[in-house]
Trainee: 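Below you'll find the structure I mean.
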Amino acid sequence: MPPAVKVAAQAVPKAAKTQAQKALDKLGLRRDIDLALHLPLRYEDETRITRLADARDGEMVQIEGLITNSEISFGPRRQLRVTLNDGTDTCTLRFLNFYPSHQKTLSVGARVRARGELRGGFVSREMVHPSFKLAGGDLPGALTPVYSTVAGLPQAYLRKAVLGGVARADLNETIPAAHLRNNLPQPMWSLREALQFLHNPTPDVALGASGRAAPTAHSPLGGQRSTRSDERGGFLADFQDHSHPAWQRLKAEELLAQQLSQLEARRVRAAMRAPPLQSSALQNTHASLHDQLLERLPFRLTDAQQRVGAEIAADLHKNVPMHRLLQGDVGSGKTVVAALAAARCMDAGWQCALMAPTEILAEQHFRKLITWLEPLGIKTAWLTGSQKAKERREALAMIASGEAGLVVGTHAVIQDKVMFKNLALAIIDEQHRFGVAQRLALRYKMTSDGDEPHLLMMTATPIPRTLAMSYYADLDVSTIDELPPGRTAIVTKVVNDSRRDEVIERIRSQIAEGRQVYWVCPLIEESEVLDLTNATETHEALSAALPGALVGLLHSRMPVAEKKAVMGLFNDGVMAVLVSTTVIEVGVDVPNASLMVIEHAERFGLSQLHQLRGRVGRGAAASACVLLYSTGDATRLGDTAKARLKAMLETNDGFEIARRDLEIRGPGEFLGARQSGAPLLRFADLALDAAWLAWARALAPVMLDQHAALAERHVLRWLGTKGEYLKA
Ligand code: ADP
Ligand code: MG
């Protein structure tokens, strides 16, 4: 964030205007309604001036006085230090980043208004990066909203633009009046009322002198307290926890838009056609590919695999495109379920595509699938960005002619040049690692008559079921909730980095038993700030410590061919230890690996740790996961890091991990982290606003059925063209 420099609210020069216009575009604020819905991040209280003698340390205050000194000091860092004297005391204004304009405004003799957090400095009190302007003019009568902005878009300009948007936008109700009253403890504020209030709070609401207020009870449907006439202090708390009635109205609006778009997408999809995938082999004498594959598998499907297989088959039989998420813990055996679905698709005479987020993962799938399907006479095409032109041409020809029944690859699968003969089933592994646009592209790859393919998405980072069901109204969810038999529980240990030698000793004994080991480091770039151990250094250290063993290195910056060579050696058991960055995070399957060491485990997210741990314990050998943590300079680990490591110690269950992750991070961030690109919810919080979600979920079908025009206006107002994205 650039320093908060306050620019006096004056006419913006012409040249700046076009720049500001561009900045507005960048923020996605194109329509009047977009501006109106760009709500303040926070408010500043510029309604009064506090005397320095009366101000307490740590308080946000506005002060006014004469500049008595101004100098640039060159200590460890160049900075601008200015002394302000208000007649009761002095205060240093300190700027680490500053422009000549700062110096000019803050020159000796100028009378200045500054606003910031007052701190007890070394010599005198100080404010670091206060906002400021020349004194003069009336104090504003009400709180000043502060908006999130980008470079080239001053607050004053943005504020004006937003107020213009509020004045011009169509803010007429889209929610039928009865639904704003019925079953609610008290009528909701109107949208217009709510927006006008949040952008332009009335003079009677101000921030408390201390910034603290009595705690507010959380009641999603509440708004019991009439905050309009609340005492000072109430508004800040209400604003921060979004319990103010104006906020409540916006959350309800936003969730309704989300539910409407999901429901609409579901209905649109229901009206679309996909090829019903019925096995034509049934009429023939020979067994279907599906049954042959099942027979040839070296294991029996678990009950859970059979159940989800049947759920998928039932969808594929329909002439409506499937839109199903298959979730199952790491190692639960999703790949074979995907292969069986692909076999059903090919049995019906159609092509199937499988797309994975990384080349390593895609190749793992490719290898596994060809060992299963090639003996049955299936041709599989391989597509990736790194392949040679000739290879690629051949693959494209096989896909276009229909010779290839199955296509496996990375993003290359959705490129324009890829023409399928008759794609009917698209499978996306680790779907959350793909952008929404990419998922859409695969859906639009359908061949004839504008039909859609069936879509099966797979993930090892499960969404808690209740969340999935309520939030993603347009998604069916299948869950594998059982691991294949014969897996030994992975023993997890949390170990201080100072005991690294013991860990290396352990590696030595694993290698002696013919086992293999993963060692994961967080980053490959040398980062001064984070001071992370470089994977390269670790690789060297381990190679030296383990003479006679082949220690390999894998990181994301390596050329693909090199990555493949390393992975190949590890797959074949030639390489004993694989040091890597998180490129192995998903999908790698080497059953002989029995020890996973994760360095700087405190820096990883919970689901990431769990995914990594899932790389071991795939065979019959007892397996372990060592979470090395380092407290660095800090004396102790942060609370969330601790909570994550504790969860890892306490459970091996991916669903429990997901639940804890949700708890630690909150659903907004939890879902946000899964979704690349499009922000999900701006105002509502799924954990706190479950009641509003239920309200929106119940209202959405009523709106679509009885108030279609209003529903359309509502979605357009809130999602604009982004609505399309939410449907992916
Ligand atoms: P994930 O769900 O993490 O993608 P995989 O599909 O990679 O898991 O399966 C993990 C391992 O378990 C693979 O080696 C796979 O062949 C094996 N596997 C899958 N299903 C079964 C089963 N029912 N019984 C035994 N092993 C199985
Ligand atoms: Mg997998």
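Atoms within each ligand, like the ligands themselves, are counted from 1 in listed order. Note that the structure is predicted; figures quoted are calculated from it, not measured.
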Trainee: For ligand 1, note which part of Thr302 has a heavy atom under 4.0 Å away: side chain, backbone, both or neither.
Mentor: both
Trainee: Taking the side chain as every heavy atom from C-beta outward, state whether Val336 and Leu301 have any atom pair closer than 4.5 Å.
Mentor: yes
Trainee: Short list, please: which atoms of ligand 1 are under 4.0 Å from a heavy atom of Asp329?
Mentor: 2 (O)
Trainee: According to side chain to side chain contact (heavy atoms under 4.5 Å, CB included), who are the partners of Ala647, at least two apart in sequence or on a separate chain?
Mentor: Leu606, Arg660
Trainee: Kindly confirm or rule out an N or O of Gly333 lying under 3.5 angstrom from an N or O of ligand 1.
Mentor: yes
Trainee: What residues form a side chain to side chain contact (heavy atoms under 4.5 Å, CB included) with Arg515, not counting sequence neighbours?
Mentor: Gln510, Glu513, Asn592, Ser594, Ala621
Trainee: So, 4.0 Å and heavy atoms of Pro591: is ligand 1 close enough to count as a contact?
Mentor: no
Trainee: At a 4.0 Å cut-off, with the gap strictly under it, does some heavy atom of Gly328 reach an atom of ligand 1?
Mentor: no
Trainee: Counting only nitrogen or oxygen atoms and a 3.5 angstrom limit, does Val336 reach ligand 1?
Mentor: no
Trainee: For ligand 1, which atoms sit closer than 4.0 Å to a heavy atom of Arg618?
Mentor: 3 (O), 7 (O), 10 (C)
Trainee: Identify which of Lys368, Gln327, Gln305 has a heavy atom lying nearest to atom 16 (O) of ligand 1.
Mentor: Lys368
Trainee: Identify, by atom number and element, the atoms of ligand 1 in contact range of Pro484, meaning under 4.0 Å from any of its heavy atoms.
Mentor: 20 (N), 21 (C), 22 (C), 24 (N), 25 (C), 26 (N), 27 (C)
